Amino acid sequence: MSSELSTGEKRFVFDLEGCDPDFILWVKKTNKKDVVQDRLFVLTKYRIYSIKRNKVGGKKQVQRESHLYNLVEIRTDDIDRVVLKFTTFSIDMTGANIGITIPKLLINAFHRISFTFSNEALPNLLILPPERTAPEVDEIDPGQSHGFFEVYRAQCNYYDTPVNQDLIDYLEETVSKGSRVFNLDDFAGIDRNSEGAVNLTPVLAALRHNTFFDTFVCHNKTRKEIPLLLADVFHHNRTLVRVDLSGIESDDGWVQLGDALKENQTNQLVSLNCSDNRVSDKGMNSLANAIRSFNRPFLEFIASNVDLQSKGASVFFRTLQSNYSSSGAIVHLDVSRNDLEKIGSESLHDWIILLNTSIPTPRKPLVHINLEETQLDTTKVTMALKQGQLESLEYINLSGNKFTPEAVANLCSIIAKCDSLAQIKLSKCSITGDQVNNILNACTSGVQVHDRTLDLSNNNLEQKGALSFAQTIKSSSNIAHLNLANNSFRKKGLTFIVQALEENSTLQSIDLSTNFKSSSKAEPIVDHIARTVHHHVSIKKLVLAGSVSKGFYLGKELLPLAKSLINDCKLVELDISGNNMGDDICRELFESLKKNTCLKTLHLDNNNLGLAGFQAMKRTFTTNRTLIDIPVPTADITKILNSNSKDKKQINDKIGEILADVQTCLSNNKNGIAYTDIPSTTKTTVAISSVSTPNFRASTYHNSSSNNLGNSDDTYNRGASTHNLSYSSPSPSTYAPPPPLPDVYANHHYHQQQQYQQPPPPPPPQETYDYSQQQQYDYSQQQQQYDYSQQTDQQQYDYQAQDYQEGATTNDYDQQYQQQDYSQQQQYDEQQQQQQQQQYDDQQQQYDDQQQYDDENRMPPPPEY
């Protein structure tokens with residue numbers, strides 16, 4: 001008892017962990033030689049100490065010490081005796097009533113740090129004789145996270161590592177929002193090389209038995225140990241259903257992860273993303289064996305670029321064939337950027353064919369298949385897809401594989417039969433113009449599919465190919481988004497396509513990027529494209545991106561398109577990035593956008609913009625009320641700063657002020673706030689990193705994906721900057737968690753049988769833009785405005801040249817337009833106010849007339865009796 005301790009002994013016990021223990025008691029301990037000795041039994045929050053009485057204060061003070069997690073068994077056969085068995089030693093103690101006191105203390109101490117632990121992970125409690133009453137366990141609220149944070153602190157003590165309070169704060173915020181996604185990407189300490197980097201061993205140890213989090217996400221390349229740590233987690237975990245480890249570039253732990261999933265048949269994993277890791281054939285084989293062992297469906301396997309070779313692919317798909325109750329339920333399969341070749345293609349063919357014979361339901365589960373750049377035997381695999389009766393297929397990507405005529409014919413049959421096939425990716429497939437014509441006809445004549453995207457980019461179709469399928473575009477009624485980028489059409493081939501677009505009435509977006517060689521005098525065809533888009537009844541997105549490095553860009557030949565935007569059309573997204581257009585065309589573009597009321601998203605990076613171009617961007621918001629998204633022109637900013645080494649700080653501050661003002665205007669447009677010319681008080685610092693990439697402060701800018709109407713992963717845009725001038729507040733997350741499982745998962749017959757797959761429900765969460773009807777595009781009126789604007793623009797250029805000769809600065813150039821912009825704004829506001837007042841008067845008069853009518857026709861009250 002503590003009252004029997006001397007002052008020095010009390011100090012010694014306090015110094016064990018720097019705090020008072022939870023319990024202290026002198027007991028008798030019997031050693032292996034049956035010698036009875038005095039021992040001081042000390043229980044702290046996480047540990048147990050056994051100290052010799054005559055050694056207190058000496059060099060060998062603590063005889064035994066262990067963490068509560070090492071406690072294997074508590075056995076008592078008498079109220080005055082208890083035996084504690086740990087993983088490496090045992091303690092046999094006697095004392096008055098310790099057979100009652102110590103078991104209760106230990107059971108409750110363990111309970112406080114073992115929320116949701118399985119019975120196998122709890123210490124065994126053996127009380128003899130059986131008539132004795134078992135100790136009561138105190139009720140403790142585990143909190144929203146099902147006790148994760150307390151278990152994490154205990155694991156930190158077990159592994160002798162400091163508790164990372166920043167991680168706790170970060171996850172507490174996640175849990176408070178009701179999210180069950182354990183996403184480490186947004187946590188500052190996830191990078192091993194960062195200051196205050198977190199030790200992941202106790203973090204993942206706390207997930208072993210946790211029943212709250214159902215998704216684990218990490219993409220950090222410095223954390224290559226995660227697959228091995230997750231293997232330990234899955235020896236126990238019964239709640240995680242999704243794991244996303246793409247891009248950590250790890251080559252270790254995948255075999256162990258597969259073995260753990262196979263061993264723990266109570267795990268609930270249904271979705272695994274291991275893309276961009278060196279999983280290799282052995283790791284894939286281990287994961288396939290795990291899937292084969294499941295007595296439940298496995299739904300999503302994403303393994304793009306995992307160093308899977310042809311023989312390993314053959315073994316992988318042969319293994320999956322041995323248990324269709326699990327692998328036959330796969331909804332999303334991605335083995336792109338691996339070497340399947342002929343051997344792997346044959347095994348994939350057999351697995352797909354067996355889907356038709358092994359699954360009795362008429363609609364097969366597979367809805368998404370990605371086989372991009374796999375050196376595929378396209379004839380064999382497309383034949384399997386055709387025979388597999390995969391009517392539910394929604395996404396197919398066969399890009400980067402050479403197509404044969406037989407493969408094209410098989411694909412056309414698939415397209416014609418599938419009633420949900422909305423994404424068809426056929427980039428770099430060496431298909432001809434006639435084959436494109438057949439594919440377009442299959443889309444048109446087949447089952448109607450909503451919002452279909454067809455990617456035919458990078459097929460080098462040239463003018464001959466364009467002539468072959470251009471006529472089919474006129475009648476294509478089952479394609480919403482068409483990507484024809486980088487096909488070497490040149491001016492003549494594009495003329496055929498644009499003429500066909502004039503008679504099409506269903507396309508919503510068209511991508512004609514990198515089809516114009518520089519200095520090709522393409523201004524007439526650009527003007528033709530601009531007029532066609534304005535006439536078109538449904539096109540909302542136009543992509544004319546260029547590539548300066550490849551010599552395919554438009555430059556000043558973009559002028560007709562820039563000027564055409566002064567008139568409204570249905571276009572809401574425009575991408576003209578990479579065209580090297582310069583400040584002059586940029587000014588024309590933003591002058592036109594002052595009057596445009598449709599365009600919402602504009603991409604224009606890598607266009608050789610200078611300060612004058614950024615100033616023009618800012619001025620457009622004096623009257624523009626619809627633009628809400630402009631990705632930051634990072635390449636142009638880098639070029640400006642690198643070309644002005646002497647005045648870099650001054651230019652840096654100036655660009656920062658402009659971007660801050662543009663950010664404010666985008667936010668105002670999104671929220672419907674009227675424009676006010678308030679000088680910017682926020683200076684955004686633009687810093688150049690070692691790789692010359694601008695890094696904007698998070699307080700002003702953040703990563704955000706734009707609202708793409710069509711293909712979001714076009715080839716021309718791969719690797720482009722994702723920094724956006726966004727209308728929303730800074731996002732705390734740059735990673736989008738995996739989407740909810742499709743409805744087909746919930747409707748699957750396996751899922752109806754296996755109710756235990758559903759993890760405990762999460763805690764309750766804390767608590768359009770409407771396109772106006774457009775006027776018909778009048779070409780004659782537009783031509784008059786175009787001619788008049790040319791005269792006006794020439795005068796403005798003359799004035800500008802004169803100002804520059806007199807030494808006018810960029811700020812002087814802004815002031816030339818300020819008075820005109822304010823007068824336009826004032827006139828616009830007065831018109832709006834008059835319209836609102838007239839509308840209010842009309843409504844009030846209508847209300848008064850109705851009241852008068854009601855008073856005149858109101859029935860008299862019933863007579864009183």
Side-chain angles (χ1 to χ4, degrees), residues 1-5 13 16-17 19-30 39-51 64-87 89-155 157-158 205-206 208-212 236 238-239 266 760-761 763:
M1 292 176 288
S2 60
S3 60
E4 299 177 8
L5 267 64
V13 171
L16 287 174
E17 295 185 0
C19 60
D20 289 326
D22 292 349
F23 180 78
I24 304 174
L25 182 66
W26 283 108
V27 297
K28 300 291 185 179
K29 187 257 184 183
T30 304
R39 290 289 184 270
L40 182 61
F41 176 82
V42 179
L43 174 64
T44 64
K45 188 173 184 179
Y46 304 120
R47 293 183 177 270
I48 296 172
Y49 299 87
S50 176
I51 306 168
R64 298 290 189 186
E65 173 192 356
S66 186
H67 197 281
L68 284 171
Y69 284 153
N70 288 329
L71 184 58
V72 177
E73 183 180 81
I74 305 171
R75 184 173 74 252
T76 172
D77 54 8
D78 188 271
I79 62 172
D80 295 330
R81 181 172 182 253
V82 63
V83 179
L84 305 182
K85 183 179 180 181
F86 294 88
T87 53
F89 63 89
S90 298
I91 303 177
D92 187 346
M93 301 180 293
T94 57
N97 293 323
I98 65 170
I100 299 175
T101 306
I102 290 183
K104 181 177 181 179
L105 286 170
L106 293 179
I107 287 297
N108 281 282
F110 196 95
H111 177 58
R112 287 192 291 270
I113 59 172
S114 61
F115 298 108
T116 67
F117 276 32
S118 63
N119 290 331
E120 295 80 4
L122 300 176
N124 182 34
L125 177 60
L126 181 60
I127 300 178
L128 297 174
E131 293 79 15
R132 290 177 56 189
T133 305
E136 295 182 359
V137 180
D138 299 335
E139 292 186 6
I140 302 174
D141 181 12
Q144 286 182 303
S145 66
H146 297 193
F148 173 83
F149 300 113
E150 191 56 50
V151 174
Y152 166 63
R153 293 185 181 96
Q155 293 287 0
N157 183 275
Y158 182 86
R208 290 172 183 157
H209 304 280
N210 184 264
T211 57
F212 176 78
H236 313 275
R238 304 179 181 183
T239 309
T266 61

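Being a predicted model, the structure only gives us computed values, none of them experimental.
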Walk me through it: do Asn70 and Ser66 pass the test side chain to side chain donor-acceptor pair (under 3.5 Å)? CA-CA 7 Å; Asn70 288 329; Ser66 186; 3.3 Å; yes
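- Of the residues Leu84, Ile102, Val83, Leu126, the one that meets the side chain to side chain contact (heavy atoms under 4.5 Å, CB included) test with Ile74 is Leu84.
- One distance of note links OG1 of Thr101 with CG of Leu25; it measures 7.5 Å at 0.5 Å rounding.
- The two residues Ile51 and Val42 come nearest to each other via the heavy atoms CD1-CG2, 4.1 Å.
- Remark: the backbone N or O of His111 is not paired with any side-chain donor or acceptor of Asp138 at under 3.5 angstrom.
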Just do the side chain to side chain contact (heavy atoms under 4.5 Å, CB included) check on Ile100 and Lys104 with the steps written out, would you? CA-CA 7 Å; Ile100 299 175; Lys104 181 177 181 179; 6.0 Å; no
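- In terms of heavy-atom proximity, Asp78 sits nearest to Arg132 at N-NH1, 3.3 Å.
- For the pair Arg64 and Tyr49, the NZ or CZ position fails the cation-pi test of under 6.0 Å to the six-membered ring centre and within 45 degrees of the ring normal.
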Does the side chain to side chain contact (heavy atoms under 4.5 Å, CB included) test come out yes or no for Leu40 and Ile24, once each step is laid out? CA-CA 7 Å; Leu40 182 61; Ile24 304 174; 3.3 Å; yes
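- Taking all atoms of both residues into account, the shortest heavy-atom contact from Ile127 to Ala134 is CD1-CA, 3.7 Å.
- Between Tyr46 and His67, the ring-plane angle classifies as parallel under the 30° and 60° cut-offs.
- At least one side-chain heavy atom of Tyr69 sits less than 4.5 Å from a side-chain heavy atom of Phe117.
- One N or O on the side chain of Asp80 and one on the backbone of Asn97 form a donor-acceptor pair closer than 3.5 Å.
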One pair to check against salt bridge (Lys or Arg N to Asp or Glu O under 4.0 Å): Arg47 and Glu65. What are the steps and the verdict? CA-CA 7 Å; Arg47 293 183 177 270; Glu65 173 192 356; 3.6 Å; yes
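- With contacts defined as side-chain heavy-atom distances shorter than 4.5 Å, the pair Asn108/Phe110 does not qualify.
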Could you go through Arg153 and Val151, starting from their C-alpha distance and side-chain angles, then the distance that decides it, and tell me whether this counts as side chain to side chain contact (heavy atoms under 4.5 Å, CB included)? CA-CA 5 Å; Arg153 293 185 181 96; Val151 174; over 6 Å; no
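- A heavy-atom distance below 4.5 Å is not found between the side chains of Arg81 and Lys28.
- Interatomic distance, Arg208 CZ to Ser114 OG, rounded to the nearest 0.5 Å: 13.0 Å.
- Going from atom OG1 of Thr116 over to atom NE2 of His236 covers 12.5 Å, rounded to the nearest 0.5 Å.
- Formation of a donor-acceptor pair under 3.5 Å by the Ser50 side chain with backbone atoms of Phe41 is not found in this model.
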If you apply the rule side chain to side chain contact (heavy atoms under 4.5 Å, CB included), what do you find for Ile91 with Lys29, and how did you get there? CA-CA 7 Å; Ile91 303 177; Lys29 187 257 184 183; 4.3 Å; yes
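- Closest heavy-atom contact between Leu68 and Lys45: CD1-O, 3.6 Å.
- At a threshold of 4.5 Å between non-hydrogen side-chain atoms, the residues Glu120 and Leu122 do not count as touching.
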Please walk me through it: do Phe89 and Phe86 pass ring-ring contact (aromatic ring centres under 6.0 Å, His included)? CA-CA 5 Å; Phe89 63 89; Phe86 294 88; 4.9 Å; yes
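- Looking at heavy atoms from C-beta onward, Leu125 lies in side-chain contact with Pro135 at the 4.5 angstrom threshold.
- Between the side chains of Arg238 and Ser118, not a single donor N or O lies within less than 3.5 Å of an accepting N or O.
- Side chains of His209 and Phe115 form no contact here, defined as non-hydrogen atoms less than 4.5 Å apart.
- Thr211 and His146 share a side-chain donor-acceptor pair at under 3.5 Å.
- In terms of heavy-atom proximity, Thr44 sits nearest to Glu17 at OG1-OE2, 3.0 Å.
- Between Pro103 and Val82, some side-chain heavy-atom pair lies under the 4.5 Å cut-off.
- Trp26 and Arg39 make their closest contact through CE3-O, 3.3 Å (heavy atoms, listed as atom of the first residue, atom of the second, distance).
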